[in-house]
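A quick note: this is a predicted structure, and the numbers were derived from the prediction, not measured. Below, each value reflects all heavy atoms present in this structure, side chains not excepted, and no hydrogens, waters or symmetry copies.
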Amino acid sequence: MKKVMLIFPPEWVPTAPYLALPSLAAVLRKNGIETILKDINVEMFDHFFTPGYLLFVQKKIEARLKALIQREQGEALSPEDAELKEMLDHYQHIDLEHHINKVGLAKKIMRGPEFYEVEKAEWALNAFREVMEYISVCYYPASINFYPVESNLNIYRPWVSEDLLKVPHDRDVNVYADICRQLVLRAIKKDQPEVVGISIGTPVQLMAGVTFATLIKEAFPDIHVTVGGNIITRLKDEFAKKPHFFGKVFDSMITYEGEHAMVWLVEALSGKRKMSEVSNLIYKDEEGNMHVNDTYQEKVTELPPPDFDGMPWEKYFSPEKLVPYLGTRGCYWGKCTFCDHGAGYIDQFRAKHADQIVDELEYLKNKLNTKHFMFTDESFPPALFIKLPPMMVERKLDIYWTTLIRFESQLLEPEIWDMAHKSGCRSLYYGLESANERIIKLVKKDTDIEAAKTNLEQAKRVGIWSHVMCFYGFPSETEEEAEDTRQFLIKNQAMIPSVEMYFFVLYKNAPVMFAADEYKITVKDIPEHDLALDYYYTPESGQTTEEAMTRYENFYQNDFAPWAMRINAREHVFLYITHFGTSDLPDLYVKNAPESEGFQLPPKKCWDIR
């Protein structure tokens, strides 16, 4: 059987593994297929903060500046290039050794016990962000960032297929091309896989994923490159109509769930079955004909637990192992009109048995020597929230866990919350969306606001952190209705330790998109945006999209201060809660930070980052 390398490209939060690669590896290895895991996302961020890479960036800045100086000798520079020349020259004079030392120390802080001294963790995160600005200058006009801000290549758009074909060969702007040459191609040369699978789970990963796939195909034309993941599934119809991507960028696509499809693809490439027998596969045959195979849905109760062997635990930006785990697939609710997550599955919802979940958590705890688990379910079912904790307590799992959840009328009894906390639940992430009754009905969330308050009260009482997510601007929402959501957050601030506000985005596969007439929106079609996952639109009534965005911005400018935190990743907050044994953590908030500058290295010259 052919050897497989699975790649997770940038960008994702580099605090813990993403579950895709371990889930695929478990089934591949169970079927006797040698599998190598490469989390290039975390390897990239680790690589950014090394002397070798920062000296590479320094040389790249020097080369771009030299090219502009030489061009200026023959012709006048455009205002944009003149500004770039000035900026590159400015960054020639920074004390790079000082910042190399800073990020070296910052990595030690984030991965060790000093992480729990919040002034040191905050200093470390800021040290990373300062250096990311230096890296960004190197790739200008790209904006290369450290979480929670996503990077953007700016002149290339992931929702335009022609841009995806161009970007791999841009040596000035495309940071992912350099990362591919420095990390991915070297790993392939060393490990010599015959099949490479690239998992693209988020829109921001599409640019990096396509760059990696293209450069792998050029360097190793005999390797079969397949792409999969949630975003590939959502764009399956569009890519199936673009045969020029197949053979040039990648050889095949695996849609929906990929565990057994990947096994069957390897078997087909090893001569053990026909390509036409590989479910969930899209490919182009030798005659240039496109094929979209039948679909297959995984039987979740028959899948093995994820296999993390080969994941670079030492490189994640956390002091403890944080293990993602999926007890269900799809969403048990599955009705929300704004949500497109269901497009990643053939059917909406399947769950493992509760006793199987407990068995697998115990197995992973012992195998990985960790106590921290993150349920990555779309939304944790209330039945499981009631049934699972007593079983975890009876088994004496002695773990901590966190998950996403709906506000639920089924979760009102204090005993339920006592047991959840006793089982190790320490933080919950709620999708409130709106606190206005009409909008709640329109989005089909069916939230009972009084039940939501009870959920928050009980969580606070037992010591479970509650994070609430909302958005403004669902079609026809008025200013007054949006204000109901704002007031809910403000009035219940004492029970809500953290908040995220968004504005409504019209997703390609959301039910509201398929009922544009019913929701009285006019969708703007831009043919060039042939890989768009969301759309511009105009509502017939209520707030305009611009007004909703302004209200969103005003929330962060005027209302967010009580919730502003010194560390941003939910995984890090989870670790603080478990470390200190309480969800009452005033030192995590910006408002409570001491006025002194906190932890500092001995002062040395630094570049101006204003």
Side-chain angles (χ1 to χ4, degrees), residues 320 322-328 332-333 351-362 364-365 370-432 446-469 488-489 491-499 570-586 588:
E320 321 279 354
L322 291 151
V323 180
Y325 180 81
L326 200 59
T328 66
Y332 78 94
W333 184 251
K352 294 182 179 180
H353 301 305
D355 55 353
Q356 180 183 2
I357 293 173
V358 174
D359 288 343
E360 292 185 354
L361 290 173
E362 183 175 48
L364 290 168
K365 175 194 173 183
T370 185
K371 296 177 65 171
H372 293 86
F373 289 85
M374 303 177 297
F375 282 91
T376 57
D377 304 59
E378 302 282 356
S379 185
F380 205 76
L384 205 55
F385 193 82
I386 294 169
K387 185 175 184 179
L388 196 60
M391 299 174 68
M392 297 164 80
V393 171
E394 183 180 3
R395 186 71 68 89
K396 298 180 180 179
L397 280 189
D398 188 26
I399 64 169
Y400 300 114
W401 58 278
T402 179
T403 193
L404 294 159
I405 197 168
R406 283 181 77 245
F407 287 115
E408 277 286 357
S409 299
Q410 299 178 51
L411 305 179
L412 303 181
E413 299 301 322
E415 295 80 9
I416 294 173
W417 293 90
D418 291 333
M419 186 57 71
H421 186 270
K422 188 175 181 180
S423 73
C425 180
R426 291 296 181 268
S427 60
L428 294 172
Y429 288 76
Y430 301 92
L432 173 66
D446 292 2
T447 305
D448 182 318
I449 293 300
E450 291 306 312
K453 292 178 184 178
T454 300
N455 292 167
L456 292 169
E457 288 169 358
Q458 291 299 325
K460 181 176 176 61
R461 178 183 65 81
V462 299
I464 294 174
W465 182 285
S466 294
H467 179 93
V468 177
M469 297 171 281
F488 177 90
L489 297 175
K491 290 177 181 177
N492 295 287
Q493 178 191 325
M495 299 187 296
I496 304 174
S498 57
V499 161
R570 62 180 63 178
E571 297 89 348
H572 288 163
V573 174
F574 176 49
L575 288 177
Y576 267 75
I577 297 166
T578 64
H579 180 80
F580 290 103
T582 178
S583 60
D584 183 16
L585 297 166
L588 291 191

Got Lys352 and Tyr325 here, is their nearest side-chain heavy-atom distance under 4.5 Å?
yes

State which residue, out of Leu388, Leu384, Thr402, fulfils the side chain to side chain contact (heavy atoms under 4.5 Å, CB included) condition with Phe375.
Leu388

In this structure, are over 12 heavy atoms from other groups packed under 6.0 Å from Glu394 atom CD?
no

Spell out, as yes or no, whether a donor-acceptor pair under 3.5 Å connects the side chain of Asp418 to the backbone of Val462.
no

Is there a side-chain contact between Tyr400 and Ile577, using heavy atoms and a 4.5 Å cut-off?
no

Any ion pair linking Lys460 and Glu457 (charged N to carboxylate O, less than 4.0 Å)?
no

Do Leu364 and Thr370 make a side-chain contact, defined as non-hydrogen atoms from C-beta onward lying under 4.5 Å apart?
no

Parallel, tilted or perpendicular: which fits the ring planes of Phe380 and Trp401, with parallel below 30° and perpendicular above 60°?
tilted

Only counting residues at least two apart or in another chain, list the ones meeting ring pair (Phe, Tyr, Trp, His ring centres under 6.0 Å) with Trp417.
Phe385

Applying the side chain to side chain contact (heavy atoms under 4.5 Å, CB included) test to Met392, which of Asp398, Leu361, Ile357 qualifies?
Leu361

Close side-chain approach of Ile405 to Leu411, heavy-atom, < 4.5 Å:
yes

In Asp359, Val358, Leu397, the residue satisfying side chain to side chain contact (heavy atoms under 4.5 Å, CB included) with Met391 is Val358

Here the gap from Glu360 atom CD to Phe373 atom CZ, rounded to the nearest 0.5 Å, amounts to 10.5 Å

